Every structure is written in structure tokens, then in C-alpha cells.
Undergrad: 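This structure is in C-alpha cells; I'll ask about it shortly.
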Amino acid sequence: MDALLATIPSPDRGVWYLGPLPIRAYALCIIAGIIVAIWWGERRWVERGGIKGEVTDIAVWAVPFGLVGGRLYHVITDNQKYFGPGKDPLAALEIWNGGLGIWGAIALGAVGAWIGCRRKGIPLPAMADALAPGIVAAQAIGRLGNYFNQELYGGDTTLPWGLEIYRRVTQEGREDALAGVAIDHTPIQVVHPTFLYELLWNLGVAFLIVWADRKFRLGHGRVFALYVAGYTAGRFWIELMRTDEATLIFGTRVNVFVSAIVFFGAVAYFIIAKSRGEREDVAALRGTGETTEPAEPAEAAGTDDESVAEDGTDATEKDKKDSPESVKPE
């Protein structure tokens, strides 16, 4: 009983309705995370010599790509939830019910960011370094959505920070952990809140990379690599604690293997990129790959004030006419 009194209660629902319009906590957390990532990234980008508004321009490309990538990764790795006997393949499109894989979100989001950077003439590694703390903070905020959805938790525990899981039901009496409401707040389980562990870990990674960036003036994508390495190190052990359904490889959750592989890749990049020297000057790099604007007609023709004669004729042409070579003998 003492353990239950000290546990963390879950919300009784994850969806509210304004008339027929559903307001989903998961979606609100994702949106809040995106806003924080853009706001923080914008501030860091300006501090590094960038122009205000450029992060928002890049986000127009990166965010949609990231959402699609995150959903694709989830559907691929958890395909058993959507495909097979008795499953509804169209449910794979229901992103509002949860299910975004960070690996796919970062991978395809990077493609979108690359497109945006290329259009603006901005080096992607420099932009990635500015965005890194905001991205991992956005991941932390997004984990609150898992809290409202009663998902991504671990095994049973008697620890004082154990999470209470309630039985949620719809108005028809059907059990539904996402769309239902908990009428009886007697917990059916008290579990490890692994989403909370990841939330706190992510905030720690955000502070770590900001500190390292200020102290060592990291550049050339090394801040982003440090974020990836820090995040995957935590995701590795947190993933081992989770008990929700997942695709297994040799009896181990697939994201455990992905975490390890991505971690070593990030560490390798962090070490190799050190040879590129000091942090790049964003202002000096501006325009590398930017489309050259066409010259103004006056500039293109060279018709400045000194090249136009008082009578309106081109001074160069006038000189040619007045030169000895231009005078024909009688």
C-alpha cells in the first residue's frame, strides 16, 4: 500500500473532444517539441552568424520529411501491428494514434534539411550543430505524449516512482488504451516509466552538448554527432527495459541493435571531423552553393555614371569615334 501511495498516477485519458474535434495530447506534445526546436535552433543559428528566419525556412522542409520518416520506420519495424490476418493496413496512416520512430525521423528529416540548406546556400553540418540541442529537447517533450497514451513503459516495479497503469474503456465499454477513459483509477499495473527515463536522459544530453559546444567550440557537425552518440547511449539501456510489443532480432529488440550501430557511427564521425579544424564561420561560408542572382541591367552593361556621356551616348563608343583610328581619310 505504501508503494502505491508513492507511485506516479497516469492521466485518465489522452484525448479530449471539442464537439466532434479530437484534441490529442500526443499531437500537442509533438507540436510543442517542434516549436521549441525551431525557437532554440533559431537563437543558436543567429549566435553563430546565421540570419534570423533561416531555421524556420529549413524547418519547412525538415519537419514534414521527419514526420514521414518517423512513421515509415515505425510501420516497418512494427509491421505486425498493421499487416497480417485480422489487421487493418490503413491504420498505418493513423499517426495521431502514436508511433514515430526517431531513427526514421532524423534520417529523412536530415534529407529535408539538406534540401532546404542547399536552396539557401547553407552548409548542412553547421545548421545541424545549431539545431542539435533543440532536437533532443523536442524528443523529451514528445515523450510526454507517451505518458498520456499509457505506452512505452517497462516491467513491474515497487519503486516509489513506479507508473500506475489504468484500464481505459470507450463509451461502448470496449477497452482502448489510446481513445478510452479510465473510470476506475485502481492501477492494473505499476511499472517502470521508461518514457520518463528517456525524457530526463534527453534533457541531460541537451545540457551536455550545449556545455561541450561552448567550452570546445565544436563545429563541422560534431555537436550533432555528440547529440546522436549521447542519445543512443541512453536509448540502448532504456530499450532493454521496455516491455511493449516490438520486432525482435535474436530475441533482442531491434532498436537495441540500431542504437549500438548508430552510436559507434556517431562516435567515429565525432573523432574524424576533429581534423577539419576550428568551428566554421557561418557568415564566411554563406553562399556556398547558393544560386547567383542575375546582375542588374545597368551593372551588367557597365553603364555607370562615368561611362555615359553628357549627350546620353555611351562614353566608350564616343571615345572610339573620336580616336584617330576611327577617323576615315577623305
Side-chain angles (χ1 to χ4, degrees), residues 7-34 66-105 138-157 162-199 202 235 238-239 241-247 253-255:
T7 51
I8 302 172
S10 289
D12 66 347
R13 71 191 72 193
V15 184
W16 296 265
Y17 287 88
L18 291 178
L21 180 65
I23 306 298
R24 302 179 185 275
Y26 183 82
L28 293 178
C29 291
I30 295 296
I31 293 171
I34 292 172
L67 291 174
V68 172
R71 188 60 177 179
L72 281 175
Y73 181 88
H74 167 74
V75 172
I76 291 171
T77 55
D78 289 323
N79 59 84
Q80 71 279 358
K81 296 180 179 180
Y82 309 102
F83 306 101
K87 302 297 182 180
D88 180 13
L90 292 179
L93 302 176
E94 298 173 357
I95 191 172
W96 52 86
N97 285 331
L100 289 174
I102 187 60
W103 318 108
Q139 290 176 236
I141 296 171
R143 284 305 178 207
L144 288 174
N146 303 134
Y147 172 56
F148 282 94
N149 281 0
Q150 280 197 154
E151 61 185 0
L152 304 192
Y153 49 80
D156 295 343
T157 182
L163 177 70
E164 298 179 0
I165 300 297
Y166 307 138
R167 180 175 178 268
R168 292 176 174 177
V169 295
T170 62
Q171 291 182 346
E172 297 78 19
R174 178 174 52 87
E175 188 168 340
D176 191 330
L178 294 179
V181 177
I183 300 174
D184 183 357
H185 289 76
T186 302
I188 58 176
Q189 274 185 287
V190 178
V191 297
H192 280 283
T194 52
F195 74 88
L196 178 60
Y197 300 163
E198 187 171 332
L199 185 159
N202 288 348
R235 182 64 182 267
I238 293 170
E239 192 71 25
M241 297 183 66
R242 285 171 50 176
T243 58
D244 54 299
E245 184 181 4
T247 301
R253 300 169 67 92
V254 63
N255 284 330

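This structure is a prediction, so every number in the text was calculated from the model and none was measured.
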Undergrad: Do you know the tightest heavy-atom contact between I238 and T194?
TA: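 Scanning both residues, the minimum pair turns out to be CG2-O, 3.8 Å.
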Undergrad: Could you check if a side-chain atom of Q189 sits within less than 4.5 angstrom of a side-chain atom of D156, using non-hydrogen atoms only?
TA: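 Yes - at least one pair of side-chain heavy atoms lies under 4.5 Å apart.
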Undergrad: Between R168 (side chain) and A177 (backbone), is there a donor-acceptor pair under 3.5 Å?
TA: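 Yes, R168 side chain to A177 backbone: donor-acceptor pair under 3.5 Å.
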Undergrad: Taking side-chain contact (heavy atoms from CB on, under 4.5 Å) as the test, write out the residues that go with L196, two or more places apart.
TA: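 Listed in chain order: I8, P193, L200.
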Undergrad: Within the structure provided, determine whether I183 and V169 are in side-chain contact (heavy-atom separation under 4.5 Å).
TA: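 Of all side-chain heavy-atom pairs linking V169 with I183, at least one is under 4.5 Å.
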Undergrad: To check you understand the geometry: which heavy-atom pair defines the closest contact between A138 and I34, and what is its length?
TA: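 The answer is CB-N, 4.4 Å.
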Undergrad: Of all heavy-atom pairs between H185 and A182, which one has the smallest distance, and what is that distance?
TA: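 Taking every non-hydrogen atom into account, CE1-O, 3.3 Å.
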Undergrad: Might you point out which heavy atoms bring L100 and L67 nearest each other, and give the distance in Å?
TA: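 Scanning both residues, the minimum pair turns out to be CD2-O, 3.8 Å.
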Undergrad: Between atom CZ of R242 and atom OH of Y197, what is the distance when rounded to the nearest 0.5 Å?
TA: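 These two atoms lie 13.5 Å from each other.
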Undergrad: Less than 4.5 Å apart, side chain to side chain, heavy atoms only: is that true for I165 and V190?
TA: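 Heavy-atom side-chain distance check fails, nothing below 4.5 Å.
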Undergrad: Where is the tightest heavy-atom contact between Y147 and P11, given as atom of each residue plus distance?
TA: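 For Y147 and P11, the tightest heavy-atom pair comes out as CZ-CD, 3.3 Å.
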Undergrad: Counting only N and O atoms by type, is there a donor-acceptor contact under 3.5 Å from the side chain of R71 to the main-chain atoms of G99?
TA: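 Yes: the side chain of R71 pairs with the backbone of G99.
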Undergrad: Measuring from I31:CD1 to I141:CD1, what's the distance to the nearest 0.5 Å?
TA: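 I31 CD1 to I141 CD1: 12.0 Å, rounded to 0.5 Å.
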Undergrad: Is there side-chain contact between V15 and P22, with heavy atoms separated by less than 4.5 Å?
TA: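 The answer is yes, as the side chains (C-beta and beyond) meet within the 4.5 Å cut-off.
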Undergrad: Q139 and N202: which non-hydrogen atoms are nearest, and at how many Å?
TA: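 Smallest interatomic distance, heavy atoms only, reads CB-ND2, 3.6 Å.
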Undergrad: Check E175 with R167, please: is the shortest side-chain N to carboxylate O separation under 4.0 Å?
TA: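 Yes, charged N to carboxylate O under 4.0 Å.
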Undergrad: For the backbone of I76 and the side chain of N79, can you confirm whether one donor and one acceptor N or O come within less than 3.5 Å of each other?
TA: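 Yes: the side chain of N79 pairs with the backbone of I76.
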Undergrad: Going from OH on Y82 to CG on L93, what distance comes out if it is rounded to the nearest 0.5 angstrom?
TA: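 If I round to the nearest 0.5 Å, the distance is 10.0 Å.
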Undergrad: Partners of Y153 by ring pair (Phe, Tyr, Trp, His ring centres under 6.0 Å), sequence neighbours excluded?
TA: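 Ring pair (Phe, Tyr, Trp, His ring centres under 6.0 Å) check on Y153 returns nothing, list empty.
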Undergrad: Would you say D176's side chain and A179's backbone share a donor-acceptor pair under 3.5 angstrom?
TA: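 Checked: pair present.
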Undergrad: So, Y73 versus D78: side-chain donor-acceptor pair below 3.5 Å or not?
TA: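 Their side chains do not contain a donor-acceptor pair, so the 3.5 Å distance test is not met.
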Undergrad: Taking the side chain as every heavy atom from C-beta outward, state whether L152 and D244 have any atom pair closer than 4.5 Å.
TA: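 Counting from C-beta outward, L152 and D244 do come under 4.5 Å.
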Undergrad: Short question: side chain of Q150, backbone of Y166 - any donor-acceptor pair under 3.5 Å?
TA: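 Confirmed, Q150 side chain pairs with Y166 backbone.
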Undergrad: Under the side-chain hydrogen bond (donor to acceptor under 3.5 Å, both in side chains) rule, what pairs show up with a residue in residues 9-23, not counting sequence neighbours?
TA: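 Not a single pair qualifies under side-chain hydrogen bond (donor to acceptor under 3.5 Å, both in side chains).
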Undergrad: Without swapping roles, check the side chain of T157 against the backbone of G162 for a donor-acceptor pair under 3.5 Å.
TA: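 Checked: no pair found.
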Undergrad: With no hydrogens and no angle check, is any side-chain donor or acceptor of N149 less than 3.5 Å from a backbone partner on E151?
TA: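 Between the backbone of E151 and the side chain of N149 there is no qualifying donor-acceptor contact (under 3.5 Å).
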Undergrad: Is there a side-chain contact between L144 and L199 (heavy atoms, below 4.5 Å)?
TA: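 They are in side-chain contact.
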